[in-house]
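Here is the structure we will look at.
Each chain gets a letter, A, B and so on, in the order the sequences are listed, and its residues count up from 1.
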Amino acid sequence: MATATGSGGMHVGRLLVQVGSILACIAFWQVASTLRLNLGIVTFRNVPPPTEVLQSLIVLLQSPKLLAHLGSSLGRVFAGYGVAALLGILLGFAIGRSRAASDVLLPPLELLRPIPAVAWIPLSILMFPSSELSMIFITFIGALFPIVLNTIHGVANVDRRLVASARSLGGSRAAILWEIVLPGAAPSIVTGLAIGMGTSWFCLVTAEMISGQFGIGYYTWESYTLQNYADIIVGMLVIGLFGMGSSWLLTTLGHVLMPWRSPMVAR
Amino acid sequence: MKAPRVNGHGVGLGRIAIEDASISLGHGDDASEAVAGLDISVAPGEFVCILGPSGCGKSTLLGALAGHVANSGGSLTVDGQAITGPSPDRGIVFQQHTLFPWKKVRENVCFGPKMRGIGKVVRRQLADELLALVGLSGFEEFYPSQLSGGMQQRVEIARVLINQPRVLLMDEPFSALDAQTRSMMHELLLDIWTERPTTLIFVTHDIEEALFLADRVIVMSRRPGRIVEDLRVPFSRPRPADIVTEIEFARLKRRLLLLLRPDQQSTTLHEYQSEHALAPN
Ligand SMILES: Nc1ncnc2c1ncn2[C@@H]1O[C@H](COP(=O)(O)OP(=O)(O)O)[C@@H](O)[C@H]1O
Ligand SMILES: [Mg+2]
C-alpha cells in the first residue's frame with residue numbers, strides 16, 4: 001500500500017502501526033475462533049482459526065485442484081471481460097462520436113444498465129447452451145456498462161481545442177480519432193476498464209457459486225456444502241488476491257499506456 | 001513600406017482579402033452577429049495587429065480565417081481562394097497552448113508533416129530544425145506539461161511553422177505570460193518572422209505590443225465588430241526595445257488608447273483629430 005511520505009523516522013513509525021493493526025486483527029480472529037466467541041447476532045462458533053486456514057491454504061497450494069479452479073475462473077474472466085473491453089470501447093467510441101449511433105445504441109443500453117449483472121444469472125442459464133457460456137456472459141455483462149459509459153464520457157469530453165488544432169495542422173478525421181480522441185479519452189477508458197474488472201470478478205464469483213463446475217467461486221461454495229470451513233476462507237483469500245492482482249495490472253497498464261500522466265512528468 | 005515577402009511557397013503568397021464579411025454565432029433564435037460588414041485586405045508578408053475591446057469579435061474573426069467558423073455573409077479569401085475549412089496553410093496559435101499532452105515536444109512539432117505522410121526520419125529532422133529556430137533545442141523529449149508557459153508557446157509556434165503556412169494567425173498568444181517573458185517572445189517572434197516570412201495576423205488588447213510588433217494596427221469597435229481605425233505603424237525595423245519611450249510611439253499609443261476607451265467607441269479618429277487639432281501623420 002502507498003502511504004503518505006514523511007520524514008524517515010515518522011514513516012517507519014507509521015508503518016509499524018499499520019502492520020500492528022493487521023496483526024491485531026488476526027490475533028483477535030485467532031482468539032475469537034478458538035474461544036468460539038458468541039456475540040449474540042454474530043458467532044465465531046463455526047469460524048476456523050487463522051492457523052487452520054493457513055494449513056488448508058498450504059494443502060490447496062500443493063494440490064492440482066488449485067490450478068484447475070483458477071484456470072477455469074481466469075479463462076472465464078479473460079473471455080467475458082475481453083469481449084466486454086473490446087465491444088465496450090467500440091460502442092463507447094461510436095456513441096461518443098456520432099449522434100446517429102448515440103440515438104440508435106444508447107436507449108437500449110440505458111434501459112438495461114440499471115439491472116445488476118447478477119440478476120441476469122437465471123435468464124442467462126436459460127439462454128445459453130452451457131453453464132460455461134452463461135458464466136462468461138455474466139462476466140461480460142458485468143464489465144460492459146462501466147466500460148461503455150466511461151468510454152463515452154472520455155470521448156465526449158476530449159478537449160475540442162485540441163481537435164480544432166489537429167484539424168488546422170492537417171489532421172484527417174481518421175487521424176484525429178487515432179491521434180487525438182483515443183489518447184484524450186484514454187484516462188477515462190482505463191478507469192472504465194478498472195471498474196469493469198472489479199464488477200467482472202464479482203459477477204464471476206457469484207455465477208460460479210450458482211452454476212459452476214470448477215472455478216474459485218465454485219470452490220468456495222463447495223467448501224461450504226462439504227463443511228470444509230477453513231477452505232471457505234482460503235477461497236475468499238484467493239478471490240481477494242486475484243481482485244487485487246487484476247486491479248494492479250490495470251493500474252500498471254495505465255502507467256505504461258499513458259506515460260505523460262505519471263507523477264514524474266505531470267507537475 | 002516593405003516589399004512583399006517571399007515564403008516557402010514562392011513569391012508573395014499569403015494575400016488576405018476580407019470583403020463585407022459577417023459572422024453569426026449561435027444557432028436559430030440565439031444567433032447573433034459577432035462581426036458585421038468587415039473589409040480588410042492584407043498584403044503578403046504583412047504583420048497586422050488587431051486591437052479591440054473584449055468581446056468585439058476578434059477571436060471570431062480569427063476563427064473564421066482559420067476555417068473553424070463559417071462566415072454568414074461576404075467573403076474571406078487567401079490568395080483568391082475562399083476559406084472553406086481548416087488548412088495547414090493557415091496556422092493558428094491561441095492564448096492557451098493546445099499542444100497534445102500525450103506527445104513529446106518533438107512529436108507535437110512533427111504532427112503536420114506526419115499528417116502529410118512525410119517519413120519519420122525526415123519529419124524529425126524538420127522538427128528539430130524548427131525547435132532550434134524557436135530556441136528549444138534540448139527539449140525534444142520533454143512532455144508539454146514539463147515546460148514553462150513561454151516554452152509551450154514556442155513549441156506551438158514551431159508546430160505551426162513546420163507546415164510553412166501562408167498565413168500565421170495568433171490570438172493573444174502572449175497574454176498569459178509575465179511581462180519579461182512576453183518581451184522575450186516579441187523579439188523571438190520578430191526574428192522568426194524575418195527568417196520565415198508569412199503574413200501574420202496578431203490579435204491583442206495590448207496597445208504597446210501592437211505598436212511594437214506590427215506594420216499595421218487595425219482597431220475594431222464593440223460588438224458587432226467593425227473597423228474604426230487602420231493605422232500604419234511608421235517605425236522601421238529592426239525596432240529596438242526602447243522604442244516604446246519615443247515621442248512618436250507615445251503619440252500613437254495615446255491615439256489608440258482613446259479609440260479603445262469605452263466612451264470613445266463612437267468617435268472616429270477624424271473627429272478626434274479635429275477636436276484636438278492633431279496633425280495627421
Ligand atoms: N459559441 C458562441 N455562441 C454565441 N456567442 C458567442 C460564442 N462565442 C463567442 N460568442 C460571443 O461573440 C462575441 C465575440 O466573441 P470573441 O470573438 O471571442 O471576442 P474577442 O475575442 O474579441 O474578445 C462575444 O460577445 C461572445 O460573447
Ligand atoms: Mg478573444
Counting heavy atoms not belonging to A:L67, are there more than 12 under 6.0 Å from its CG?
no
Decide side-chain contact (heavy atoms from CB on, under 4.5 Å) for A:R261 and B:S145; before the verdict, give the C-alpha distance in whole Å, the side-chain angles of both, and the deciding distance to 0.1 Å.
CA-CA 9 Å; A:R261 301 190 90 229; B:S145 64; over 6 Å; no
If every non-hydrogen atom of B:P101 is compared with every non-hydrogen atom of A:W260, which pair is closest and at what distance?
O-CB, 3.3 Å
Can you see which heavy atom on B:L99 is nearest to which on A:L162, and at what distance?
O-CD2, 3.6 Å
Any side-chain heavy atom of A:S168 sitting closer than 4.5 Å to one from B:R90?
no
Evaluate whether atom CZ of A:F93 has more than 12 neighbouring non-hydrogen atoms of other residues, nucleotides or ligands under 6.0 angstrom away.
yes
Distance in Å, B:E156 CD paired with A:S165 OG, rounded so as to fall on 0.5 Å steps:
5.5 Å
Closest approach of B:P88 and A:G170, non-hydrogen atoms and distance?
CG-CA, 3.7 Å
Spatial distance of atom OG1 (B:T98) from atom CZ (A:R160) [nearest 0.5 Å]:
14.5 Å
Under 4.5 Å heavy-atom distance to chain A, tell me which part of B:F142 shows up: side chain, backbone, both or neither.
neither
What residues of residues 102-118 of chain B sit under 4.5 Å from chain A when only non-hydrogen atoms are counted?
B:W102, B:K103, B:F111, B:G112, B:K114, B:M115
B:H68 backbone acceptor or donor facing A:R167 side chain under 3.5 Å
no
Determine whether more than 12 heavy atoms belonging to other residues, nucleotides or ligands lie under 6.0 Å from atom NE2 of A:H153.
no
Tell me the residues of residues 183-206 of chain A whose non-hydrogen atoms fall below 4.5 Å from those of chain B, in number order.
A:P183, A:G184
Check the surroundings of atom CE in A:M236: do more than 12 heavy atoms from other residues, nucleotides or ligands lie under 6.0 Å from it?
no
